[in-house]
Engineer: 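Quick one: structure below, then a few questions.
Letters go in sequence order (proteins before strands), and every chain restarts at 1. Keep in mind the model is a prediction, meaning the values are calculated, not measured.
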There are 2 protein chains.
Amino acid sequence: MKTVTVNLGERSYPIFIGQGLLGNPEFVQPYIQGKQVMIVSNETVSPLYLEKILPAFQGLNIEAVILPDGEQYKTLEVLNQIFDGLLGAKFDRQATLVALGGGVVGDMTGFAAACYQRGVEFIQIPTTLLAQVDSSVGGKTGVNHALGKNMIGAFHQPQCVIVDTDTLNTLPDRELSAGLAEVIKYGLIDDLEFLDWLETNIDALIKRDPEALNYAIARSCQNKARIVSLDEKESGVRALLNLGHTFGHAIETGMGYGTYLHGEAIAVGMVLAAQLSQAMDWLSQEDVQRVVRLLKRCHLPTTIPSTMTADDMWQRMQVDKKARDGKVRLVLMQKLGLSLLTDQYDLTQLHQVLTLGQQEMTT
Amino acid sequence: MKTVTVNLGERSYPIFIGQGLLGNPEFVQPYIQGKQVMIVSNETVSPLYLEKILPAFQGLNIEAVILPDGEQYKTLEVLNQIFDGLLGAKFDRQATLVALGGGVVGDMTGFAAACYQRGVEFIQIPTTLLAQVDSSVGGKTGVNHALGKNMIGAFHQPQCVIVDTDTLNTLPDRELSAGLAEVIKYGLIDDLEFLDWLETNIDALIKRDPEALNYAIARSCQNKARIVSLDEKESGVRALLNLGHTFGHAIETGMGYGTYLHGEAIAVGMVLAAQLSQAMDWLSQEDVQRVVRLLKRCHLPTTIPSTMTADDMWQRMQVDKKARDGKVRLVLMQKLGLSLLTDQYDLTQLHQVLTLGQQEMTT
């Protein structure tokens, strides 16, 4: 078992990573102040793991809310189901919410905790690779709006995060791949050594080798924890974690939530970021091919969907949280393993990248 | 013009109180960081004041969202109209929201600001007495849920509050009276001198004498600012501001949002709190009669609606943010001008107060 700490002063918390952690009270009970526990999960995850985690909460007053499964349900309307459950059970400000599931469950549970009675505590138990390496760490919570992803939300840090890697055994291949997109992202942002390691070990990860998975998850969490500790509210360096996301969010909203998995859209987005970086002479063609090859080995998409035009993409990219007074800022790569946030790109080059982005790159 | 400061370290802000402040850029422009301004108002207030405030924002990119008027629209669903407006206008994290209206507009605008892109800034321009003396100050924001009032929300402080007392000239009598309930509350909590002043000057307030109104508003804001500065997130003394509110919220939800104005329900709630305090031998009958007489002079209700049973009241009171692990805490009065938060009351006595609460008290 490894512990990674997210250092945020009073709001610091541990991430426990290992096998067989579910159901063990020692990882949750010290982090619960009251008697009321509301487990939030979804229709897919709850039959697999809800009973398994119950022993961890023994002695407490446990209730559960089960949400429909999918990004298309990450809305204010479905969020209200959590409030219905909390108020129906007469839970008060000492209640603790527990997110059991993937990124959607984690983001919604965290946001519900941020807003219920103006703020209660919560614990993350992520069960997908994507949630384990990314969304469950760092306190970003929220829901989508028809016009933009994660546009409504709050910064609200959990009390602790429990990553039981055994839960990956039941994860569909497609979701494992989507999670690997976010793992690869950490290599591209500022950890070239990890990128090299991934190129060597990607097949082991796809085969769900436990040792490889534990290493990749812990290293991803360390990377994320370091960046979040430097900049909790994303006034600077934390924006680098959005590599590929401005492009990716455009694909997710353009195709309709749930058509592309978040990690799949981010894979395409990282390729587009790499291609624009190449157009600016920061990356070589070989660098870009390296990115594309690694993503393809994970069976991830690397081109813009054929039904989306460059103009569709651009329109949707303009609604982005990194925009400042109307100017869209992008995370690009100065070299492999060194990303930066910038608005100093050429709109004509961007348009060209978006226009050619439907074409498969030769690698 | 008077300025009252809410001292909250980095989040400190001024409340400007006076006549003829609307439309003056000097009270808003120093508090706006970007170029994008979204004014949120309602169908009643916007025809009266929207044009009047525009000169204050000259040089900025101004948009407006107009909500339906009434507590029954203080919901997550209507909140989404603000997000629709912000995203439709492609507003980013540098945007400033401006609440122009009463408590409902202020609470919803503040909550939208707390959540939009995980937090943008906002300014309060309250146009009802209730909003001017209470809801626009202190950073409590949120919406109602069918099962409880203000159950979904955030603490989010405004950049400044502009109280133009000229706006009270268009306020319906019933709403003026509802605002006076919250003014009287400050006297009962811990300002006996103000309670005495109110008994002498209540007729001047009801006749909208500008000098009396300015004094009462400034003194109310000073009281609120002092308490909020001591306890921003309501872990202690701030709960005293909820005198009458646990009873009042039960009436508001029980009768259906919008039937009783918030201040009207709180007036009844303060009478019930006084009666329970009398049952505990803290107040004399004459003390309780003093409270009832003052509220009646403002034409406020002082008894539980005849359609609500004691049991209805109690059921609804149990869903309350001041509850702790299931136990409902109430703000009661140890003597006039000295309130406290306690769960040390007798349930039988409470039940008796709720049972007799429909009866008019002789004063």
Engineer: Given heavy-atom pairs under 4.5 angstrom as the criterion, report whether the side chain, backbone, both or neither of A:Phe111 touches chain B.
Structural biologist: side chain

Engineer: Kindly check if the number of other-residue, nucleotide or ligand heavy atoms within 6.0 Å of CZ (B:Phe57) is above 12?
Structural biologist: yes

Engineer: Heavy-atom cut-off 4.5 Å, strictly under: side chain, backbone, both or neither for A:Asn61 against chain B?
Structural biologist: neither

Engineer: Which heavy atom of B:Leu147 sits nearest to which heavy atom of A:Asp84, and what is that distance?
Structural biologist: CD1-O, 4.4 Å

Engineer: Counting heavy-atom pairs under 4.5 Å to chain B, which of A:Tyr116, A:Phe83, A:Phe155 comes out on top?
Structural biologist: A:Phe83

Engineer: Can you name the closest pair of heavy atoms from A:Thr141 and B:Arg118 and give their distance?
Structural biologist: O-NE, 3.2 Å

Engineer: For the CD1 atom of B:Ile152 and the CG atom of A:Leu86, what is their distance to the nearest 0.5 Å?
Structural biologist: 9.5 Å

Engineer: Tell me, side chain or backbone of A:Gln33 under 4.5 Å from chain B's heavy atoms, or both, or neither?
Structural biologist: neither

Engineer: Measure the CG-OG1 distance between A:Asn80 and B:Thr75 for me, rounded to the nearest 0.5 Å.
Structural biologist: 9.0 Å

Engineer: So which of A:Leu79, A:Asn150, A:Val143, A:Leu87 has the biggest tally of heavy-atom pairs under 4.5 Å with chain B?
Structural biologist: A:Leu87

Engineer: Among B:His145, B:Glu77, B:Gln94, B:Lys35, which has the most heavy-atom pairs under 4.5 Å with chain A?
Structural biologist: B:His145

Engineer: In Å and rounded to the nearest 0.5 Å, what is the OG to CZ distance from B:Ser235 to A:Arg93?
Structural biologist: 9.5 Å

Engineer: Is it true that atom OH of A:Tyr260 has more than 12 heavy atoms of other residues, nucleotides or ligands lying nearer than 6.0 Å?
Structural biologist: yes

Engineer: Can you say whether B:Gln117 sits under 4.5 Å from chain A via the side chain, the backbone, both, or neither, judging by heavy atoms?
Structural biologist: both

